Every structure is written in C-alpha cells, then in structure tokens.
> 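Take a look at this one; I'll ask things after.
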Amino acid sequence: MPAIHAYQMKGMIENHIQFSPEVAHEVATDGEIICPFAQIEILRLFMEGIHPKRLDYMRDSTEELFSETVTWILDILGESAPKISDEVKQKMNSKVQEFVEKKLFHKWEMEKEVYWRSVLRMMPSFPKDEMASVAEILVNLTKFMERITPGPETVGGPIDVAIITKGDGFVWIKRKQYFDPSLNPRLGA
C-alpha cells in the first residue's frame, strides 16, 4: 500500500540538509487517510464539524459550570447542615468531574467521530479532480481564516495543486507561474 513520509527541514549544516521525520502514515486497505501538514485547525473543523478552539472552550466552560454549580449547592447545604465537610465537597466535585469527562465529553467525542467517519467514507468515491479541489479549498479556507484572525499569517499566496497516483504519477492540476506568461510567449501559458 502507498505511504506518506513527510520531513521537517531544519536548515543546512556544511551543505547538508538537516531534517527530522514529522509524519509517517500508511494507507489502510480501506483507503481512509487524510494527512494534515502545518496548520490542522481548519482540517479538524472540516473533518469534525467544530473548530478545536471552540471545542476546548466548550469543554472548559462546561466543566467550570458544573464544578461551580456543585460548589454553590454544597455551600447552600452547608449553611443549613454544617456537618457537610470539605471532604464531601471534594468527593462531589471529583464525581461531577468524572461524570462530565466520562459521560458528556465522551458523547461529544463519539458525535465528532460519527461526523468525521461519514466524511472519510465519502472521500474515496470522489474523482481525482474533486479531491484536488477539496485540498485547494481547505488551503484557501486556512489562508482566509489566518487573514481575518489575530496573529501572523503563515499561509498565503497562490496555491499549487498536484495529484500523485500509481497510474499517472505526478500531475499538476494548478500551478502558479514564476514568470508572466505574456512577457514570455515562447514558453507558453
């Protein structure tokens, strides 16, 4: 089966490229593989149906809400029944945290998995040109999101798109020109 081996270039030392292995994936027999490089947030949004930062916020705020609610209830009970000790409060808080983690968050993860599994099931049925379009759209969406959100823009400029298949080998689908074709008619467009 095909495999992807990606490396992160670290620089040059004495005219030798220094790199480290970043990603190694083998395509399973069912063909289900999508391999992100660099920024993965938009791919996760596409695959899981929710942005990772939004999910982190939901997890943190939900856990905080449950914890504060239990503490508030126990404080009210403690006023009327002072025998409720800090030990009971700690046990209750840890149990609530366990319920939130094992029940609620687990259900969220299962729902995400249902979503991304359906995306993965659809992908192998796409023609090659549509797969290339999906890749280009995800890069463009990442580029757009970086442009409108705070922080440095690390994705930009024109996008090259190629397909590598066993039968056709490496084929350009879309390639930016490093020169103006109208100024170089002998090279063609």
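The shown structure was predicted, so the numbers you read here are calculated from the model rather than taken from an experiment.
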> Can you sort out the partners of Lys128 under salt bridge (charged side-chain N to carboxylate O under 4.0 Å, His left out), two or more places apart, ordered by chain and number?
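Only Asp168 meet the salt bridge (charged side-chain N to carboxylate O under 4.0 Å, His left out) criterion with Lys128.
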
> Identify all side-chain donor-acceptor contacts of residues 67-77 below 3.5 Å with residues at least two apart in sequence or on another chain.
residue : atom : partner : partner atom : Å
Thr69   : OG1  : Leu65   : O            : 2.7
Thr71   : OG1  : Ser67   : O            : 2.9
Asp75   : OD1  : Lys89   : NZ           : 2.7

> Any side-chain heavy atom of Asn140 within less than 4.5 Å of one from Phe144?
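The answer is no, as the side chains (C-beta and beyond) never meet within the 4.5 Å cut-off.
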
> Do Phe105 and Val100 have side-chain heavy atoms sitting under 4.5 Å apart?
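The answer is yes, as the side chains (C-beta and beyond) meet within the 4.5 Å cut-off.
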
> Please list, chain by chain and in numerical order, all residues satisfying side chain to side chain contact (heavy atoms under 4.5 Å, CB included) with Glu111, sequence neighbours excluded.
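Once residues adjacent in sequence are excluded, Glu111 has no partner under the side chain to side chain contact (heavy atoms under 4.5 Å, CB included) criterion.
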
> When rounded to the nearest 0.5 angstrom, what is the spacing between CD1 in Ile173 and CE in Met131?
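Going from CD1 on Ile173 over to CE on Met131, the span is 12.0 Å.
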
> Can we say Asp160 and Lys176 salt-bridge, meaning some charged N sits less than 4.0 Å from an Asp/Glu carboxylate O?
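Salt bridge flag = yes for Lys176 with Asp160.
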
> Mind listing the closest non-hydrogen atom pair of Ile164 and Phe170 along with its distance?
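Closest heavy-atom pair between Ile164 and Phe170: CG1-CD1, 3.6 Å.
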
> Are more than 12 heavy atoms, taken from residues, nucleotides or ligands other than Ile148, located less than 6.0 Å from that residue's CD1 atom?
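Atom CD1 in Ile148 is crowded, with more than 12 foreign heavy atoms closer than 6.0 Å.
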
> Hey, could you give me the NZ/CG distance between Lys143 and Leu138, rounded to the nearest 0.5 Å?
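Lys143 NZ to Leu138 CG: 13.5 Å, rounded to 0.5 Å.
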
> If you round to the nearest 0.5 Å, how far is CD1 of Ile159 from CD1 of Ile137?
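Taking CD1 in Ile137 and CD1 in Ile159, the distance rounds to 10.0 Å.
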
> Could you name each residue pair satisfying salt bridge (Lys or Arg N to Asp or Glu O under 4.0 Å) that touches residues 129-138, not counting sequence neighbours?
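Listed by first then second residue: Glu136-Lys174.
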
> Tell me, please, which residues at least two apart from Glu14 pass side chain to side chain contact (heavy atoms under 4.5 Å, CB included).
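Glu14 satisfies side chain to side chain contact (heavy atoms under 4.5 Å, CB included) with no other residue.
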
> Would you mind checking if Lys95 and Glu98 are paired as a salt bridge, meaning a charged N to carboxylate O distance below 4.0 Å?
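Salt bridge: yes.
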
> Just jot down the side chain to side chain contact (heavy atoms under 4.5 Å, CB included) partners of Glu109, sequence neighbours excluded, or say none.
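Side chain to side chain contact (heavy atoms under 4.5 Å, CB included) list for Glu109, sorted by chain: Leu55, Arg59, Lys112.
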
